[in-house]
Amino acid sequence: MRPRRFSMKLRFFLVCFISPWGGFSDVIASPADATNDQATAFVLDEEVREALLPLFKSIVNANVSRTTVELSAESLIGAEVIESQVSTYQIGSKAPDKFTIYLKEPERRLRVYCDGQEMVVAMSPEAYFRAEQPIQTQNAATNVPVAMGPYPEAVLSLSLAGVDPAISLLGGMKSVELVDRGKFRGKTPAVHFKGLQDDGVSWHFWITQGDEPKPLRLLVDLTPMLRATGQAQFPPSYAYNLRFDFLAWRMSGDVDDSLFKFTPAKDAVEYESLEDYYESAAEAARVHPLLGAIAPSIAASTISGQPFDSAQLQGKIVVLDFWATWCAPCVESMPVLSRVCEKYASKGVVHLAVNTGEPAETASQFAKEQNWNASLLSDPDGKLANEFKVDSLPHRVVIDSRGTIQSVHVGFDGEDELREKLAIELETLIGGGQLASQPAK
C-alpha cells in the first residue's frame with residue numbers, strides 16, 4: 001500500500017474583463033463590435049465565435065443537466081509522469097437554482113446539495129454543514145463554499161444548466177484560436193481550440209462537431225501559475241497539467257428533485273460551518289497514533305543507492321522528514337529544516353529527508369537541481385512511510401535520543417513558524433525535556 005498523497009488544493013480564479021453578470025453576448029464579442037475603449041479587451045474572431053456559440057448557448061438555455069467528468073491531475077518532469085491523481089465529478093442541475101456536485105477523490109468524498117431553498121455541504125458521509133443561505137447556479141460555478149478540486153470553475157461552468165460558461169472560460173484571456181477540425185482520439189469528429197490566459201496559463205479544448213456540440217476534453221497547463229507563486233524551485237522540464245474528460249454530458253431530459261436534497265446518514269455529525277469542521281478535524285489530527293511510541297526501525301537506502309546504516313542514529317535526535325518532488329510545501333520547507341537541524345548538528349541532531357513513492361533516480365535528480373545538502377533516503381514503494389503512518393505530505397517526525405517519537409507534524413504552516421517550532425522542540429530535547437505529553441500538530 002502506497003502512502004496517501006498530499007492534495008494540492010489550488011483555487012485558481014479567472015479574472016473577467018466584464019461584469020460577472022455581463023452575459024454571454026458581452027463576452028463573445030466579434031471584432032466588429034469592439035470600440036476604441038475596448039481596444040485592450042479580448043475579442044474572438046468570427047471562426048472561433050461561430051464554433052463556440054452553439055455549445056455555450058445550449059448550456060445557457062438548458063433547464064437540466066447531468067454530467068460525469070474524469071479529472072486527471074499530473075505532475076511531469078520531461079515526458080515522464082511522476083505523480084498522477086484521478087478524480088471524478090458527477091454533477092446534476094435543474095432550473096431554477098437546483099444543483100448537486102459530487103467530487104470523488106482517492107482520499108475523500110465531497111458533495112454539495114442545493115434545492116433552491118437550502119444548501120448543504122457534505123465533507124464526507126459522516127460530516128456536513130448547512131450554508132447560511134443557498135446560492136444561484138451561476139454563482140455555484142465560481143463560488144461554491146468549499147474547494148472542489150483544482151480549477152473547478154472550468155468543469156462547473158460546462159456542467160451546470162443555465163450557467164454562462166464564457167464568464168469562466170473566456171474571462172482574462174489573451175487569445176483563443178481554433179487549432180483544427182479533425183477526429184478526437186482518431187474517432188470522434190471534433191473542433192480543437194487553444195486558449196492563453198493573461199497569467200500565462202494555457203488550455204486546449206475539444207468539442208464535438210455538428211449542430212448540437214458537446215465538450216469532450218479540456219486540458220489545462222497550470223505550470224506558469226505554479227511557478228509564479230515563487231514558493232518553490234522546479235526543474236525547467238517540470239509541468240503540472242489537468243485533464244478533464246467529459247465521459248457523459250447532457251443538457252436535456254429530466255432530473256428527479258430528490259437528487260438535490262440532503263439526507264444525513266444515521267451517525268453523521270452536523271457542524272456549524274466549514275471553519276468549525278476544519279477546526280474539529282485539526283484537533284482530532286493533533287494526536288498521532290505513534291506519538292510517545294518507540295519509532296519503527298529506519299531501514300532504507302540513500303537516493304544514490306547506498307545502504308543506510310541506521311546504527312549511526314544511536315543516541316541521536318532525529319528529524320525525519322517525508323517528502324516528494326511533486327509536493328510544493330515539501331520543497332519549500334526543506335531548506336528551513338536543513339538550516340535549523342544544521343544549527344544543532346553538533347548537539348546530536350540528525351536530519352533525514354525520506355523521498356517516498358518515487359524512483360530514487362527521480363529524487364536524486366531533483367535534489368541536485370535544488371542544491372540540497374540534507375541526508376536523503378529513498379522509499380520508492382512507501383514501505384517506510386506506511387510504518388510511520390504517513391497519510392499526507394509533508395510529514396515530519398521528531399525522535400529523541402532514546403528512540404521515542406516526541407512529535408509529529410503534518411503540512412507546512414510557513415517558514416517562520418516552522419523555524420520557531422522546530423528550534424523550540426530540539427532545544428527541549430537536547431536539554432533532556434519531553435514533548436510526547438504535548439498534543440502533536
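Throughout, residue positions are numbered sequentially from 1 according to the sequence presented. We use all heavy atoms of the structure for the numbers below, so side chains are in, but hydrogens, waters and symmetry mates are not.
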Participant: Go through the steps for Asp245 and Arg217 under the test salt bridge (charged side-chain N to carboxylate O under 4.0 Å, His left out), then give the verdict.
Facilitator: CA-CA 5 Å; Asp245 285 313; Arg217 172 176 289 177; 2.6 Å; yes
Participant: Should the heavy atoms of other residues, nucleotides or ligands under 6.0 Å from CD of Glu177 be counted, would the total exceed 12?
Facilitator: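 Counting neighbours around CD of Glu177, more than 12 heavy atoms of other residues, nucleotides or ligands fall under 6.0 Å, so yes.
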Participant: Is there a donor-acceptor pair closer than 3.5 Å between any side-chain N or O of Ser65 and the backbone N or O of Gly92?
Facilitator: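 Not a single qualifying donor-acceptor pair exists.
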Participant: Show, in sequence, the C-alpha distance, side-chain angles and deciding distance for Leu55 and Lys214, and conclude whether the side chain to side chain contact (heavy atoms under 4.5 Å, CB included) test is met.
Facilitator: CA-CA 7 Å; Leu55 172 66; Lys214 300 179 180 181; 5.5 Å; no
Participant: Roughly how far apart are Ser364 OG and Glu358 CD, rounded to 0.5 Å?
Facilitator: 12.0 Å
Participant: If we ignore hydrogens and angles and just use 3.5 Å, is the side chain of Ser168 paired with the main-chain N or O of Pro165 as donor and acceptor?
Facilitator: no
Participant: Can you tell me how far CG of Asp115 sits from OG of Ser258, rounded to the nearest 0.5 angstrom?
Facilitator: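 Going from the OG atom of Ser258 to the CG atom of Asp115 covers 11.5 Å.
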Participant: If you draw a 6.0 Å radius around CD in Glu420, do more than 12 non-hydrogen atoms from other residues or ligands fall strictly inside?
Facilitator: no
Participant: Test Val350 against Tyr344 for side chain to side chain contact (heavy atoms under 4.5 Å, CB included), laying out the working first.
Facilitator: CA-CA 8 Å; Val350 176; Tyr344 296 99; over 6 Å; no
Participant: Is the shortest heavy-atom distance from the side chain of Cys341 to the side chain of Leu422 under 4.5 Å?
Facilitator: yes
Participant: So with a 6.0 Å cut-off around CD of Gln133, is the heavy-atom count from everything else above 12?
Facilitator: no
Participant: Side chains of Asn139 and Gln136: donor-acceptor distance under 3.5 Å anywhere?
Facilitator: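 Looking only at side-chain atoms, Gln136 and Asn139 do not form any donor-acceptor pair under 3.5 Å.
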Participant: Taking side chain as C-beta onward, heavy atoms only, is Leu216 less than 4.5 Å from Ile207?
Facilitator: no
Participant: Between atom CG of Leu242 and atom CG of Leu219, what is the distance when rounded to the nearest 0.5 Å?
Facilitator: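 Leu242 atom CG to Leu219 atom CG measures 8.5 Å (nearest 0.5 Å).
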Participant: Could you walk me through whether Glu415 and Arg419 pass the salt bridge (charged side-chain N to carboxylate O under 4.0 Å, His left out) check?
Facilitator: CA-CA 6 Å; Glu415 181 176 338; Arg419 184 189 302 109; 2.7 Å; yes
Participant: Would you say Val176 and Lys194 make side-chain contact, with heavy atoms under 4.5 Å?
Facilitator: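 When only atoms from C-beta onward are counted, Lys194 and Val176 do not touch, as no gap falls below 4.5 Å.
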Participant: Has Thr100 got a side-chain atom pairing as donor or acceptor with Val112's backbone, closer than 3.5 angstrom?
Facilitator: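 Yes.
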Participant: Scan side-chain atoms only and decide if Glu425 and Ser407 contain a donor-acceptor pair under the 3.5 Å cut-off.
Facilitator: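 Result is yes, a qualifying pair exists.
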Participant: Rounded to the nearest 0.5 Å, what's the gap from CG on Asn63 to NZ on Lys94? Could you check?
Facilitator: 9.5 Å
Participant: On the 0 to 90° scale, with breaks at 30° and 60°, tag the Trp206-His204 ring pair as parallel, tilted or perpendicular.
Facilitator: parallel
Participant: List for me each residue that meets salt bridge (charged side-chain N to carboxylate O under 4.0 Å, His left out) alongside Asp256, sequence neighbours excluded, and say none if there are none.
Facilitator: none
Participant: Please, which pairs that meet salt bridge (Lys or Arg N to Asp or Glu O under 4.0 Å) have at least one residue in residues 62-75, sequence neighbours excluded?
Facilitator: Glu74-Arg243
Participant: Under the side chain to side chain donor-acceptor pair (under 3.5 Å) rule, what do Ser378 and Ser301 come out as? Steps first, then yes or no, please.
Facilitator: CA-CA 6 Å; Ser378 178; Ser301 300; over 6 Å; no
Participant: Is it true that the side chains of Gln406 and Gln434 contain a donor and an acceptor less than 3.5 Å apart?
Facilitator: yes
Participant: Answer yes or no: is there a donor N or O on one side and an acceptor on the other, between the side chain of Thr404 and the main chain of Asp400, under 3.5 Å?
Facilitator: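 Judged by distance alone, no pair lies under 3.5 Å.
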Participant: How close do Gly382 and Thr356 get, heavy atom to heavy atom, and via which atoms?
Facilitator: CA-OG1, 3.6 Å
Participant: Evaluate Asp381 against Lys383 for salt bridge (charged side-chain N to carboxylate O under 4.0 Å, His left out), listing each step before the verdict.
Facilitator: CA-CA 6 Å; Asp381 58 2; Lys383 181 179 179 181; over 6 Å; no
Participant: When you check the side-chain N and O atoms of Arg250 and Thr67, is any donor under 3.5 Å from an acceptor?
Facilitator: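 No, no side-chain donor-acceptor contact under 3.5 Å.
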Participant: Can you check whether Leu384's main-chain N or O pairs, donor with acceptor, with Asp379's side chain at less than 3.5 Å?
Facilitator: yes
Participant: If we only count heavy atoms from C-beta on, is the Ile430 to Ile317 side-chain gap below 4.5 Å?
Facilitator: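 In short, these two side chains touch, coming nearer than 4.5 Å.
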Participant: Checking Leu393 against Trp326 for the side chain to side chain contact (heavy atoms under 4.5 Å, CB included) test, could you report, in this order, the C-alpha distance in whole Å, the side-chain angles of both residues, the deciding distance, and whether it holds?
Facilitator: CA-CA 10 Å; Leu393 301 179; Trp326 50 264; 3.9 Å; yes
Participant: Do Glu361 and Gln365 have side-chain atoms, one donor and one acceptor, less than 3.5 Å apart?
Facilitator: no
Participant: Heavy atoms, side chains only, cut-off 4.5 Å: are Phe322 and Phe388 in contact?
Facilitator: yes
Participant: Do His351 and Met334 have side-chain heavy atoms sitting under 4.5 Å apart?
Facilitator: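 Touching, per the 4.5 Å side-chain cut-off.
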Participant: With rounding to the nearest 0.5 Å, note down the distance linking CZ in Phe129 to OH in Tyr271.
Facilitator: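 It comes to 12.0 Å.
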Participant: So, for Tyr89 and Met148, which heavy atoms are closest and what is the spacing to 0.1 Å?
Facilitator: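 Nearest heavy atoms, Tyr89 then Met148: OH-O, 2.5 Å.
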Participant: Do the side chains of Tyr102 and Ile91 get nearer than 4.5 Å, heavy atoms only?
Facilitator: no
Participant: Between CD1 of Ile59 and OG of Ser159, what distance do you get to the nearest 0.5 Å?
Facilitator: 7.5 Å
Participant: Should Lys421 and Glu417 be marked as a salt bridge (charged side-chain N to carboxylate O under 4.0 Å, His left out) after you check the CA-CA gap, both sets of side-chain angles, and the distance that decides it?
Facilitator: CA-CA 6 Å; Lys421 281 184 177 180; Glu417 188 166 350; 3.0 Å; yes
Participant: Heavy atoms only: give me the nearest Ser58-Trp249 pair and the separation to one decimal.
Facilitator: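 Nearest heavy atoms, Ser58 then Trp249: OG-CH2, 3.8 Å.
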Participant: With sequence neighbours excluded, what pairs up with Phe308 under the ring pair (Phe, Tyr, Trp, His ring centres under 6.0 Å) test?
Facilitator: none
Participant: Per the salt bridge (Lys or Arg N to Asp or Glu O under 4.0 Å) rule, what does the pair list look like for residues 118-128, sequence neighbours excluded?
Facilitator: Glu118-Arg130
Participant: Distance-only, no hydrogens or angles: does the Trp323 side chain make a donor-acceptor pair with backbone N or O of Pro329 under 3.5 Å?
Facilitator: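 Side chain of Trp323 to backbone of Pro329: no pair is present.
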Participant: Which pair of heavy atoms, one from Asn355 and one from Ala363, lies closest together, and at what distance?
Facilitator: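 Nearest heavy atoms, Asn355 then Ala363: CG-CB, 3.4 Å.
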Participant: A side-chain contact here means heavy atoms from C-beta on lying under 4.5 Å apart; do Ile303 and Leu377 qualify?
Facilitator: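 Ile303 does not reach Leu377 side chain to side chain.
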Participant: Minimum heavy-atom separation for Tyr128 to Ala268, with atom names?
Facilitator: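 Heavy atoms of Tyr128 and Ala268 come nearest at CE2-CB, 3.9 Å.
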Participant: Closest heavy-atom contact between Asp164 and Val60?
Facilitator: CA-CG2, 3.8 Å
Participant: Mind checking what makes ring pair (Phe, Tyr, Trp, His ring centres under 6.0 Å) contact with Tyr113, not counting sequence neighbours?
Facilitator: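 Expected list: Phe262.
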Participant: Run the side chain to side chain donor-acceptor pair (under 3.5 Å) test against Glu275 and tell me which residues pass, sequence neighbours left out.
Facilitator: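 Glu275 satisfies side chain to side chain donor-acceptor pair (under 3.5 Å) with Ser273 only.
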Participant: Test Val319 against Arg396 for side chain to side chain contact (heavy atoms under 4.5 Å, CB included), laying out the working first.
Facilitator: CA-CA 7 Å; Val319 177; Arg396 185 174 78 255; 3.9 Å; yes
